[in-house]
Asks: 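I have a structure I would like to understand better, so I am pasting it below and will then ask my questions one at a time.
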Amino acid sequence: MREGFQDDLHRLTTRLADMCDAAAVAVRDATSALIDADLVLAQQVIAADDDLDAQRAQCEEDAYALLALQAPVAGDLRRVLAVVYCAEKIERMGDLAAHIADTARFAHPAPAVPAGIAPTFERMGRLDAEIAERVATQIRTGTDGFHELRQADEAVDTLHADLLADITGRNWEHDQRAAVTAALTTRFYERFADQAVSVAKRLEFANTGDLPQ
C-alpha cells in the first residue's frame, strides 16, 4: 500500500512539472505573439490555457483522493497538500500568459507595444519562461531552488519598475492607450514570476518542513 502511495504521488508531481513546462511554453509564445503581432500564435496560447485548467483540476482530484484513501502524515501530507497549492499557482501562470496573448489579439493587426520598449518585454518573457522551467526541474528532482528563483524574480521586478518609470516619464513618446497597455501587460509578467516563486517556496517547505525566508 505504501509503495502504491509513492507511485501515485510521483504521478502527481510529474503532472505538476508538466504544467510548469506548459506555462513556460505559454509565456514564451505569448511574448512572441505580443512583439510580432502574431494572431494565430496568440489564439493558440489562449486555447491551450483550457488544457492547463483541466490539468489543475485533475491534480486536485487525485490529491484529494490520496488524502481520503491513504491519510498521509508528516512529510507525505505536506507533499500532497503542496500539489494542490502549486497546481493553483501554475494554473494562474497559464492565465497570465493567456492575458498577454489576449493583449496581442486585441491589438492585432498592430503590435500591442511600441517597438522602442519591445526588448524589455522580450527580456521579461525570457526570464519568466526560464523561471517556470527551473521550477519544473525543481519538482522533478526534489531539489531546493527558492533562493535562486527569488533572485530571478527580482530581475523581473526591476524590468517592471524600469518600464513603469519610462511610461510615466516626460520622455514617453506614445499616446495614453499605449501607456496603459504597456503598464497592464508588464504587470502580467511580474505576477507570473511571483506565482512561480510561490511554487518554489511551497515545494521547499514540503521537502524540509521549514518555510524559507
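These values consider heavy atoms only, across backbone and side chains, with no hydrogens, waters or symmetry-generated copies. Nothing fancy with the numbering, it's 1 onward along the sequence.
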Asks: What's the spacing between D157 CG and D194 CG if we round to 0.5 Å?
Replies: 6.0 Å
Asks: Minimum heavy-atom separation for A23 to F192, with atom names?
Replies: O-CZ, 3.7 Å
Asks: If you count the non-hydrogen atoms of other residues, nucleotides and ligands that lie under 6.0 Å from NE2 in H10, is the total more than 12?
Replies: no
Asks: If I compare all heavy atoms of V83 with all of T13, which pair ends up nearest, and what's the gap?
Replies: CG2-CG2, 4.5 Å
Asks: Flag the pair E190 and R187 as a salt bridge only when some basic side-chain nitrogen lies within less than 4.0 angstrom of an acidic carboxylate oxygen.
Replies: yes
Asks: Closest approach of G125 and T31, non-hydrogen atoms and distance?
Replies: CA-OG1, 3.5 Å
Asks: Indicate, with yes or no, if V80 and Y85 share a hydrophobic cluster defined by side-chain heavy-atom contacts under 4.5 Å among Ile, Leu, Val, Met, Phe, Trp and Tyr.
Replies: no
Asks: Mind checking whether F188 and V45 sit in one hydrophobic cluster, side chains of I, L, V, M, F, W, Y counted as touching below 4.5 Å?
Replies: no
Asks: Is Y189 reachable from I167 through a run of I, L, V, M, F, W or Y residues, each pair having side-chain heavy atoms under 4.5 Å apart?
Replies: yes
Asks: Please name the residue in the list L163, T186, I35 that meets the side-chain contact (heavy atoms from CB on, under 4.5 Å) test with V113.
Replies: I35
Asks: Any salt bridge between R56 and E60, counting N to O under 4.0 Å?
Replies: yes
Asks: Could you check if a side-chain atom of Q55 sits within less than 4.5 angstrom of a side-chain atom of L52, using non-hydrogen atoms only?
Replies: yes
Asks: Return the CE to OG1 distance between M19 and T14, rounded to the nearest 0.5 Å.
Replies: 13.0 Å
Asks: For a quick test of reading the model, state the closest non-hydrogen atom pair linking A104 to A42 and the distance between them.
Replies: CB-CB, 4.3 Å
Asks: Closer than 4.0 angstrom, basic N to acidic O: yes or no for D21 and R140?
Replies: yes
Asks: Got T181 and F106 here, is their nearest side-chain heavy-atom distance under 4.5 Å?
Replies: no
Asks: With side chains defined as the heavy atoms from C-beta onward, is the minimum distance between L9 and R79 less than 4.5 Å?
Replies: yes
Asks: Inspect the contact between R150 and D153 and indicate whether a charged nitrogen and a carboxylate oxygen are less than 4.0 angstrom apart.
Replies: no
Asks: Using 0.5 Å steps for rounding, measure from the CG atom of L203 to the OG atom of S198.
Replies: 10.5 Å
Asks: Check the pair L39 / R105 against side chain to side chain contact (heavy atoms under 4.5 Å, CB included), numbers first and verdict last.
Replies: CA-CA 6 Å; L39 179 61; R105 182 190 63 81; 3.6 Å; yes
Asks: Can you find a pair of side-chain heavy atoms, one from L81 and one from L67, that are under 4.5 Å apart?
Replies: yes
Asks: Nearest 0.5 Å please: distance from the CG atom of D162 over to the CD1 atom of I117.
Replies: 12.5 Å
Asks: Any side-chain heavy-atom pair from D95 and R92 closer than 4.5 angstrom?
Replies: yes
Asks: Which heavy-atom pair separates A37 from H108 by the least distance, and what is that distance?
Replies: O-CD2, 3.2 Å
Asks: Please determine whether a side-chain nitrogen of the Lys or Arg among E133 and R28 lies less than 4.0 Å from a carboxylate oxygen of the Asp or Glu.
Replies: yes
Asks: Is the side chain of D38 donor-acceptor paired with the backbone N or O of V40 at a distance under 3.5 Å, no angle test?
Replies: yes
Asks: Should V135 and L127 be counted in the same cluster of Ile, Leu, Val, Met, Phe, Trp and Tyr side chains packed under 4.5 Å apart?
Replies: yes
Asks: Would a 4.5 Å heavy-atom cut-off, applied to side chains only, mark M93 and V27 as touching?
Replies: no
Asks: Is the closest side-chain heavy-atom distance between I90 and L16 below 4.5 Å?
Replies: yes
Asks: Out of curiosity, does L34 fall in the hydrophobic cluster containing V180 (side-chain heavy atoms, cut-off under 4.5 Å, transitive links)?
Replies: no
Asks: Salt bridge check, R15 against D18: does any charged N sit closer than 4.0 Å to a carboxylate O?
Replies: no
Asks: About how many Å separate CG of L149 and CD of E130, when rounded to the nearest 0.5 Å?
Replies: 11.0 Å
Asks: Quick one: pull up CD in E204 and OG1 in T143 and give me the separation to the nearest 0.5 Å.
Replies: 9.5 Å
Asks: Could you tell me whether the side chain of W172 reaches within less than 4.5 Å of the side chain of P114, counting heavy atoms only?
Replies: yes
Asks: Any idea which heavy atoms bring C59 and L12 closest together, and the distance?
Replies: O-CD2, 3.6 Å
